[in-house]
Each structure stands twice: as structure tokens, then as C-alpha cells.
Protein chains: 2
Amino acid sequence: MSLESLGPHQGGADALARRLARALLGGRWLPGEAFPKELDLAAHFTVSRNLVRNALAALTAAGLLERTAGRGTRVREVGDWHLLDPQMSDWLVGLERPQPQLVRELLAFRHSAEPVVAELAAGAADADDLARLEAAFRGMSETAEAPGQAAQHVEYDVAFHEAIYEASHNLVWRQMGHLLRPSILALVQHSQRPARGDGGLGDSLGRHAAVLAAIRDGDGTRAARAAREVLGLTARDLALDTATGVRADR
Amino acid sequence: MSLESLGPHQGGADALARRLARALLGGRWLPGEAFPKELDLAAHFTVSRNLVRNALAALTAAGLLERTAGRGTRVREVGDWHLLDPQMSDWLVGLERPQPQLVRELLAFRHSAEPVVAELAAGAADADDLARLEAAFRGMSETAEAPGQAAQHVEYDVAFHEAIYEASHNLVWRQMGHLLRPSILALVQHSQRPARGDGGLGDSLGRHAAVLAAIRDGDGTRAARAAREVLGLTARDLALDTATGVRADR
DNA sequence: GACCGAAAAATGTCTGACATTTACCCTGTC
DNA sequence: GACAGGGTAAATGTCAGACATTTTTCGGTC
């Protein structure tokens with residue numbers, strides 16, 4: 001729609017792509033809607049049309065935009081967005097008001113996928129993988145229940161889950177580790193707002209420890225169950241339980 | 001390394017990106033190696049430097065290349081390639097000699113993921129999803145055992161599995177449907193070379209039918225097991241059984 | 001009213017120049 | 001001889017303007 005409240009620009013094409021992508025992910029333009037024209041964008045941000053084109057190329061590669069000569073640029077449907085693109089995860093991180101649907105879908109995906117990944121990890125983890133897992137878990141323990149270290153705790157949390165994906169030793173699963181940071185950060189931001197008594201942690205630490213132990217023992221079935229319980233926590237936090245089991249008309 | 005045997009160019013930036021990507025995926029340049037410079041590429045293909053830049057931007061967005069001002073362009077490690085990018089799947093389709101590692105990783109991923117997707121699908125499929133699944137299965141049946149319709153059979157096969165991902169009703173899983181065409185095509189090309197007696201089909205049709213029936217009945221556990229057996233076939237075709245269960249030193 | 005053509009509007013491409021970053025070599029000094 | 005310094009070359013990044021191509025729109029003609 002409009003470009004108001006998007007001030008002048010400083011930085012290269014990547015920075016501009018980031019700004020536009022985050023504005024789009026925040027809902028400034030809706031799917032199906034027309035995106036501003038190259039010349040308008042160039043004029044508004046006081047940059048060359050070439051730079052705008054490079055920035056838009058990044059958004060197009062991420063499946064956010066659809067461009068055709070003569071017709072203009074339009075926002076693609078949410079279902080066409082490349083949520084698995086690492087670039088997209090970068091853009092999603094720290095977004096103030098991401099589309100709630102996106103967060104729900106990301107968490108629902110992890111809820112179904114992460115048990116399998118943990119099972120694979122239990123069967124394939126080597127010494128390096130275990131070292132990464134243990135280092136991340138140690139970091140989580142040391143930074144737990146210290147309000148000032150919340151940011152570091154999140155980073156260790158991300159590193160822990162990322163290490164599970166890495167330990168699967170599969171190129172495709174490993175690529176999905178990029179999904180972790182945005183989804184975990186969204187959870188933290190969400191669960192901190194409605195101030196809960198226990199701080200939102202639950203027995204998170206203990207359940208992570210169960211995953212680690214199962215992977216260390218090479219027990220895939222136990223690892224899958226433990227991973228399911230870790231994510232059961234987060235699912236409950238967002239009232240996601242209904243996301244599974246609901247079935248449309250038959 | 002070199003640009004020999006890559007003739008002159010015709011088409012836009014997308015076409016050039018496709019040519020370069022397919023050459024790269026075919027192994028013409030190895031990870032860590034230096035990619036040709038913009039001006040050399042422009043001279044070789046008789047196009048403008050701008051067009052080359054746009055093409056390289058696409059390869060960079062797919063994680064294939066890493067570009068830094070002053071240092072040049074280098075091929076990234078295989079682990080950094082964005083295998084989940086739909087663009088990458090397009091480039092992979094029909095590649096004469098794809099890196100065997102990539103095919104193996106894709107199939108290993110499906111072997112672990114597709115049972116979960118089928119389970120989700122059993123719990124979430126609606127009437128439209130079932131119609132798509134049944135249409136695809138009908139197409140598979142009608143084109144089976146007809147040598148002239150091999151290409152169409154593959155398309156129905158892709159459509160069947162894609163419908164499973166769609167039926168999961170999760171944005172992330174649905175994105176992964178793009179992986180199906182390249183992996184299925186690679187399987188077909190591979191299993192047709194060493195001429196096997198039964199034509200490589202096995203009881204593929206029957207096992208697909210089992211998946212369809214389980215999803216129609218809403219039986220997630222059965223759907224997962226059936227999906228595992230469908231992929232067990234393909235795994236055996238490529239001697240992939242060893243991909244799971246092998247564990248490095250402890 | 002239907003068909004055709006010209007003009008407008010948007011993205012795609014070309015060209016040449018300059019900016020910026022990085023690596024390399026060459027020099028001077030201790 | 002080793003090392004710090006600057007200067008030059010090389011590669012990618014950005015800018016500016018023009019032209020090409022595609023799509024839509026509007027008008028005119030029959």
C-alpha cells in the first residue's frame with residue numbers, strides 16, 4: 001500500500017531488502033496486493049533504481065513477490081513464501097509483530113518434525129555432535145533463572161536444538177536448523193508478555209536433559225519421546241494443542 | 001574451473017542462472033573453488049555484465065555462491081546449499097549427472113520425513129485433499145506398465161506425494177513438496193539404467209494404495225507405516241538401507 | 001459492438017562510469 | 001632478512017541514463 005513511516009535509507013541492497021521484507025512480513029502489504037513500483041521506491045529511499053531492483057530480486061527469490069514485465073510487482077500468497085529459506089529466517093528474527101499464523105505454523109512443524117530429527121540424531125551423533133549438545137545444555141543450565149541473561153539463554157536454547165538437527169547428519173534436515181531462531185524467539189517474546197508465575201520455563205531444563213541423555217545413549221525411541229515432551233511445553237504455551245487432531249468435514 | 005563447452009547464450013537472466021546452476025550442480029566447479037569473474041562470464045556468453053550479475057544473484061540467494069567485494073566469487077560448501085529452495089529443485093530436475101551425495105541425502109530425508117507427513121495428512125486431510133490423492137493414484141494406475149507413458153507415470157507419482165504434503169495442512173511441510181520431483185526423477189533415471197527384470201516398479205502401486213487407504217480412514221499410525229514401506233522400496237533401490245543405523249565412533 | 005492499432009506504463013536489459021573493498025607487490029626501514 | 005608501510009591492481013558494489021520488451025489501456029475504424 002503506502003510507504004509512509006519508512007524513512008530515508010542508509011546501507012546497501014541487502015539492508016534495503018531486509019527493511020522491505022520485514023515491513024512486508026509485518027503485514028504492511030497483504031497478499032495479492034500491488035507492491036510499490038521500482039521508481040517510487042527509488043525516489044522514496046533516495047537510492048538508484050538499480051539498488052531497488054537488487055533488493056526486490058532478493059524478495060522475489062524468497063517467494064515474497066511476483067514480478068512480471070508490464071504488469072508490476074505483487075505480493076504472493078502466504079502459502080508461496082519460502083519459509084525454509086535461511087534468508088527468511090533472518091528477516092523474521094526479532095520482528096515486533098510477525099503474522100501469528102506464521103509462528104503457529106512454524107511451531108506446529110517443529111512439533112511434528114523434531115521427534116524424528118531427535119530419533120535420527122540418536123542413531124547418528126558422533127563425538128563432536130555430543131560435545132556441541134552438552135556445551136549448549138551447560139550454557140542453558142548456567143543462564144537459567146537469571147533474568148539478566150535471558151538473551152544468552154535463548155542463544156544456548158537455539159544452539160541446543162540446532163545441534164540436534166546437525167547430529168542428524170542429513171543435509172536437508174540440517175538446513176532446517178535455520179527455523180529455530182525465529183520460532184524460539186517468537187515463543188520467548190510471546191510467553192513473556194502475559195506474565196506467568198513460573199517465568200514460562202516450566203521444567204524445560206529437565207526435558208532438554210532427557211533429550212540429551214537419550215541421544216547420548218543412542219536410544220532413538222526415547223529421544224523421540226523426550227523431544228515430543230520438550231515441544232509439548234511450547235505448544236501448550238501457545239495453545240497449539242488444537243493444531244493437531246482437528247479434522248475438517250468428511 | 002573453466003567455461004569450455006558452455007556455448008553462447010540465449011535468453012534472460014533466469015536462463016543464464018539456470019545454465020550456471022546446473023553446471024555447478026553437475027560438478028564443474030567444486031566447493032571452495034573460485035567461480036569465474038563477472039567480466040569473464042559476460043564476455044564468454046556475450047551478454048552484459050548486468051545480466052551476469054542478476055544471474056549470479058540468484059545463485060547467491062540459493063546458497064551456491066559466496067561473493068565479496070574485492071575477493072571475488074567462490075563456491076560454498078555443499079552443506080550450505082539451500083536444498084529446500086524451490087528454485088534449487090527446478091535446477092536439479094533432469095540433471096544428467098547430479099552429485100550422488102545430493103540424491104542420497106534427499107532420499108534419506110524423505111525416508112525419515114514422509115511417514116510423519118503421512119501421519120499428519122491422515123489427521124488433517126479434507127475432501128479436496130482426498131480427491132487430489134485419488135486422482136493422482138488413478139493416474140498412476142492407468143499409466144503403470146505402459147512403457148510409452150513412463151513420463152506421465154512419474155508426474156502422477158510426484159502429484160501423489162505432493163498431495164500428501166499438501167494434506168498435512170502445514171505451510172512448512174507443504175513447501176517441501178518441491179523436493180519430490182527431483183528425487184523421484186533421479187530414482188527413475190537411476191533404476192532404469194541397470195535394467196532390472198520387473199522394471200523397477202516392485203509392488204509400488206499396491207503400497208501407494210495402502211497409504212491412500214490409511215489417510216482416507218484417518219488412521220495416522222497406519223499411514224506412517226504404509227509411507228515407510230513405499231519409501232523402503234526406493235531406499236533399497238539405491239542401497240540406502242545403510243544410511244540409517246550406521247553410527248560413528250563413540 | 002468487435003476488432004485493430006497506437007500510446008502509456010511497468011519491468012527487463014544494455015552501456016559506461018565511478019566507488020569500495022580486498023589482495024598483492026613493492027619499497028623503505030630497522 | 002624480516003617486517004611495517006603505502007600504493008597499485010583487481011574484483012565486486014553502486015550509480016546514471018537510455019533503450020527494449022511486455023502488458024494494459026484507450027481510442028478509432030469498420
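Each chain gets a letter, A, B and so on, in the order the sequences are listed, and its residues count up from 1.
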Protein heavy-atom contacts under 4.0 Å, written 5' to 3' over nucleotides 3-11 of chain C as B (base), S (sugar-phosphate only) or - (none), form the string -------BB
Check Arg110(A) against Leu231(A) and note the closest heavy-atom contact, atom names and distance. O-CD1, 3.2 Å
Polar contact flag, side-chain donor to acceptor under 3.5 angstrom, [X]-[Y]:
X         : Y         : result
His153(A) : Thr143(A) : yes
Glu114(A) : Tyr165(A) : yes
His178(A) : Asp90(A)  : no

Using whole Å, what does the distance between atom [atom2] of nucleotide [N] and atom [atom1] of [X] come to?
X        : N       : atom1 : atom2 : answer
Phe45(A) : dT14(D) : CZ    : C1'   : 17 Å
Asn50(A) : dG17(D) : CG    : P     : 13 Å
Leu51(B) : dT15(C) : CG    : P     : 11 Å
Leu41(A) : dT14(D) : CG    : P     : 16 Å

Ring centres of His208(B) and His161(B) under 6.0 Å apart? yes
Decide, yes or no, whether a salt bridge links Arg74(A) with Glu33(A) under the criterion of side-chain N to carboxylate O below 4.0 Å. no
